Asker: 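Quick one: structure below, then a few questions.
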Amino acid sequence: MDYAQTGAAAGDAGSGPRALWARFSALWGRRKLLVSAGILAGLGLAGLLAAEVGARAVGAVDFPTYDANPVTGYIPTADTAGRLLGRDWVFNEHHMGVAAPFAPSPATDVVLIGDSLVYGTSSYRQDQRLGPNLQALSGVTVWPIGAGSWSVANELAYLDANPEVVAGADRLVFIVNYADIQSGSVWKSDLTHPRRHPLSAVTYLAAKTLLKPAAEDPRFGEEAPVLTHWREFTGRYGRPIDVILYPNKAMLTDPAKLKTYRDRLALLAAPNVVFHDLTRDPRWTPDDYLDNIHPKPGAVIKVARFVNEELRLNGGG
């Protein structure tokens, strides 16, 4: 008998089941990995779907949109309305922050124009914005038009493009702050001025959080063109124009910054321009600010009250 061959044969026979078991174990391990990966992917997809449904259910992306254009740079989309996180907003056919179509009334009509101080912020309900507050307080019809980061140049461009709005105004009121005397703002990003609602709320909100553009510094040194346009417009308009000077928070407590603010906004002086400086109202304090510039939702009424009293829209009360 050949013991070597017999041993080899026995060894082969013994190794067969072990080899099969090893292969089975390896396949089972890979299968478990694939199943685990599938479960995790499914859970992740379900989580994203739940987040998407939840974000849309609470109105996290039901924000106002903008039309980008070469005239005003950008402007709230006309004839739109929504409810962002439970806070309603609306714009009429003239891009104004009211539901009613623009139609001058037989009584007093105030056209209120500015940047986000008129447009409002995502923290405001419709009735907490400056225009509706001023209308409720004064009893006159207020037509608010504005957009975040607009300058006086954007505002004049809107008025030039909408002569019927200028003609229908009994009072033309600008809300201006320190950074508003500069070249017109232009559309740059859907993260700051979205032109449409996103296909995916989760993706948009993540991008807005992670890729949020840095705030721009005022473009000082670009005053000449807008001041030329301002003087041309005020001269052509002829009637009195009210300019509400609105300070940043820091300017209320820093005398040097306050002087710079007043000196800069004095550049808008013209024979028919009447200035109304909110810093001279002792009721306006640093506690009224939501951030460095915007008033808290509950403090907007104080700005409206100041405007009403200064303009004597209903006798100043």
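Side-chain atoms are counted along with the backbone in the values below, which use heavy atoms only and exclude waters and symmetry mates. Model, not experiment: these values are computed from the prediction.
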Asker: Taking all non-hydrogen atoms of both residues into account, name the closest pair between Leu134 and Ala304 and its distance.
Answerer: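 For Leu134 and Ala304, the tightest heavy-atom pair comes out as CD1-O, 3.5 Å.
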
Asker: At their closest point, which heavy atom of Gly148 faces which heavy atom of Tyr66, and how far apart are they?
Answerer: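 Smallest heavy-atom distance, with atoms named: N-OH, 4.2 Å.
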
Asker: Is there a side-chain contact between Lys249 and Asp291 in this structure, where contact means two heavy atoms from C-beta onward sitting under 4.5 Å apart?
Answerer: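 They are not in contact (no side-chain heavy atoms under 4.5 Å apart), so the answer is no.
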
Asker: Counting N and O atoms only, with roles assigned by atom type, does the side chain of Asn133 sit under 3.5 Å from a partner on the main chain of Asp127, one being a donor and the other an acceptor?
Answerer: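 Yes, Asn133 side chain to Asp127 backbone: donor-acceptor pair under 3.5 Å.
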
Asker: Does the Asp281 side chain pair with the main chain of Leu278, one donor and one acceptor, at a distance under 3.5 Å?
Answerer: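 Not at all, since once roles are kept as given, no pair shorter than 3.5 Å links the two residues.
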
Asker: Please say whether more than 12 non-hydrogen atoms of neighbouring residues, nucleotides or ligands are located less than 6.0 Å from NZ in Lys257.
Answerer: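 Not more than 12 within 6.0 Å, no.
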
Asker: Centres of the Tyr289 and Trp284 rings: under 6.0 Å?
Answerer: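 Aromatic pair counts; centres sit under 6.0 Å.
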
Asker: Can you measure from CZ (Arg239) to CG (Asp242) and round to the nearest 0.5 angstrom?
Answerer: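 That separation rounds to 11.5 Å.
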
Asker: So does Val140 get a backbone contact from the side chain of Thr108, meaning a donor-acceptor N/O pair under 3.5 Å?
Answerer: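 Between the backbone of Val140 and the side chain of Thr108 there is no qualifying donor-acceptor contact (under 3.5 Å).
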
Asker: Classify the ring geometry between Trp143 and Phe102 as parallel (under 30°), tilted (30 to 60°) or perpendicular (over 60°).
Answerer: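 Taking Phe102 first and then Trp143, their aromatic rings stand perpendicular (interplane angle over 60°).
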
Asker: Between the side chain of Asp62 and the main-chain N/O of Arg83, is any donor-acceptor distance below 3.5 Å?
Answerer: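 Flag set: sc Asp62 to bb Arg83 pair under 3.5 Å.
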
Asker: One pair to check against side chain to side chain contact (heavy atoms under 4.5 Å, CB included): Leu227 and Leu268. What are the steps and the verdict?
Answerer: CA-CA 7 Å; Leu227 289 175; Leu268 296 175; 4.0 Å; yes

Asker: Check the pair Val110 / Asp170 against side chain to side chain contact (heavy atoms under 4.5 Å, CB included), numbers first and verdict last.
Answerer: CA-CA 6 Å; Val110 174; Asp170 296 300; over 6 Å; no

Asker: Short question: side chain of Lys208, backbone of Leu191 - any donor-acceptor pair under 3.5 Å?
Answerer: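 Yes: the side chain of Lys208 pairs with the backbone of Leu191.
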
Asker: Report the distance from atom CZ of Arg129 to atom CG of Leu117, rounding to the nearest 0.5 Å.
Answerer: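 Reported value, rounded in 0.5 Å steps: 12.5 Å.
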
Asker: How far apart are the closest heavy atoms of Pro76 and Tyr119, and which atoms are they?
Answerer: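 Between these two residues, the closest heavy atoms are CG-CE1, 3.8 Å.
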
Asker: Is the closest basic N to carboxylate O distance between Asp288 and Lys302 below 4.0 Å?
Answerer: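 Here Asp288 pairs with Lys302 in a salt bridge, since their nearest N and O are under 4.0 Å apart.
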
Asker: Between the main-chain N or O of Arg125 and the side-chain N or O of Gln128, is there a donor-acceptor pair closer than 3.5 Å?
Answerer: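 Checking the backbone N and O of Arg125 against the side chain of Gln128, a donor-acceptor pair under 3.5 Å is found.
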
Asker: Under the side chain to side chain donor-acceptor pair (under 3.5 Å) rule, what do Ser151 and Asn154 come out as? Steps first, then yes or no, please.
Answerer: CA-CA 5 Å; Ser151 76; Asn154 299 91; 3.2 Å; yes

Asker: Strictly under 6.0 Å, is that where the ring centroids of His294 and Tyr124 end up?
Answerer: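 Ring-ring flag for His294/Tyr124: false, centres at least 6.0 Å apart.
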
Asker: Quick one: do Leu290 and Lys296 satisfy side chain to side chain contact (heavy atoms under 4.5 Å, CB included)? Show the steps, please.
Answerer: CA-CA 4 Å; Leu290 180 67; Lys296 294 176 180 176; 4.3 Å; yes

Asker: Taking C-beta and beyond as the side chain, do Val118 and Glu155 meet within less than 4.5 Å on heavy atoms?
Answerer: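 The answer is no; the side chains never approach within 4.5 Å.
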
Asker: How would you list all residue pairs meeting side chain to side chain donor-acceptor pair (under 3.5 Å) that involve residues 84-103, not counting sequence neighbours?
Answerer: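 The answer is His94-Glu164.
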
Asker: Please check if the side chain of Thr80 supplies one atom and the backbone of Phe91 the other of a donor-acceptor pair under 3.5 Å.
Answerer: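 No, because the side chain of Thr80 does not come within donor-acceptor range (under 3.5 Å) of the backbone of Phe91.
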
Asker: Are Trp150 and Tyr158 close enough that some pair of their side-chain heavy atoms sits under 4.5 Å apart?
Answerer: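 Sidechains of Tyr158 and Trp150: in contact.
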
Asker: Is there side-chain contact between Val243 and Ile175, with heavy atoms separated by less than 4.5 Å?
Answerer: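 No, their side chains stay 4.5 Å or more apart.
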
Asker: Identify the heavy atoms of Met251 and Leu258 that sit nearest to each other, and give their distance.
Answerer: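 Heavy-atom minimum between the residues: O-CB, 3.4 Å.
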
Asker: Kindly compute the distance separating CG (Asn272) from OG1 (Thr234), expressed to the nearest 0.5 Å.
Answerer: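 Rounded to the nearest 0.5 Å, the CG-OG1 separation comes to 5.0 Å.
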
Asker: Can you give me the closest heavy-atom contact between Val71 and Asn69, atom names plus distance?
Answerer: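 That would be N-OD1, 2.9 Å.
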
Asker: Side-chain contact, heavy-atom cut-off 4.5 Å: Phe174 with Leu245?
Answerer: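 No. Closest side-chain heavy atoms not under 4.5 Å.
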
Asker: For the pair Gln135 (side chain) and Val142 (backbone), establish whether a donor and an acceptor sit closer than 3.5 Å, ignoring hydrogens and angles.
Answerer: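 Flag set: sc Gln135 to bb Val142 pair under 3.5 Å.
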
Asker: Please check if the side chain of Asn248 supplies one atom and the backbone of Ala250 the other of a donor-acceptor pair under 3.5 Å.
Answerer: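 Between the backbone of Ala250 and the side chain of Asn248 there is no qualifying donor-acceptor contact (under 3.5 Å).
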
Asker: When you compare the side chain of Leu311 with that of Ser138, does any pair of heavy atoms fall below 4.5 Å?
Answerer: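 No; the side chains remain at least 4.5 Å from each other.
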
Asker: Does the side chain of Phe275 reach to within under 4.5 Å of the side chain of Ile244, using non-hydrogen atoms?
Answerer: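 No, their side chains stay 4.5 Å or more apart.
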
Asker: Determine, for Glu310 against Arg280, whether the closest basic-nitrogen to carboxylate-oxygen distance falls under 4.0 angstrom.
Answerer: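 No, no charged N to carboxylate O under 4.0 Å.
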
Asker: Do Ile145 and Val90 share a hydrophobic cluster (ILVMFWY, side-chain heavy atoms under 4.5 Å, transitive)?
Answerer: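 No; tracing contacts between hydrophobic side chains, which count when under 4.5 Å, never links both residues.
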
Asker: If every non-hydrogen atom of Pro247 is compared with every non-hydrogen atom of Ile293, which pair is closest and at what distance?
Answerer: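 Taking Pro247 first and Ile293 second, the nearest heavy atoms are O-CD1, 4.3 Å.
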
Asker: For residues Ile241 and Val274, determine if any side-chain heavy atom of one lies less than 4.5 Å from a side-chain heavy atom of the other.
Answerer: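 No, every pair of side-chain atoms sits at 4.5 Å or beyond.
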
Asker: Quick one: CD1 on Ile75 to OG1 on Thr65, what's the gap to the nearest 0.5 Å?
Answerer: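 Between Ile75 CD1 and Thr65 OG1, I get 11.5 Å after rounding to 0.5 Å.
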
Asker: Just do the side chain to side chain donor-acceptor pair (under 3.5 Å) check on Ser149 and Ser185 with the steps written out, would you?
Answerer: CA-CA 7 Å; Ser149 299; Ser185 298; 5.6 Å; no

Asker: Give a yes or no answer on whether the side chain of Arg264 reaches the backbone of Ile181 with a donor-acceptor pair at less than 3.5 Å.
Answerer: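 Confirmed, Arg264 side chain pairs with Ile181 backbone.
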
Asker: Quick one: CG on Asp67 to OG1 on Thr72, what's the gap to the nearest 0.5 Å?
Answerer: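 Rounded to the nearest 0.5 Å, the CG-OG1 separation comes out at 8.0 Å.
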
Asker: Assess the residue pair Tyr246 and Asp277 against the criterion (side chain to side chain contact (heavy atoms under 4.5 Å, CB included)); give the C-alpha distance rounded to whole Å, side-chain angles, the decisive distance to 0.1 Å, and a yes or no.
Answerer: CA-CA 7 Å; Tyr246 182 95; Asp277 190 346; over 6 Å; no

Asker: Phe63 vs His197 aromatic rings, parallel, tilted or perpendicular, using cut-offs 30° and 60°?
Answerer: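 Correct class here is tilted.
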
Asker: Counting only heavy atoms not in Leu210, do more than 12 sit closer than 6.0 Å to its CG atom?
Answerer: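 Atom CG in Leu210 is packed in, count exceeds 12.
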
Asker: For the pair His193 and Tyr74, name the ring-plane relationship: parallel under 30°, tilted 30 to 60°, perpendicular over 60°.
Answerer: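 Tilted.
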
Asker: Any carboxylate oxygen within less than 4.0 angstrom of a Lys/Arg side-chain nitrogen, looking at Arg171 and Asp109?
Answerer: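 Salt bridge absent between Arg171 and Asp109.
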
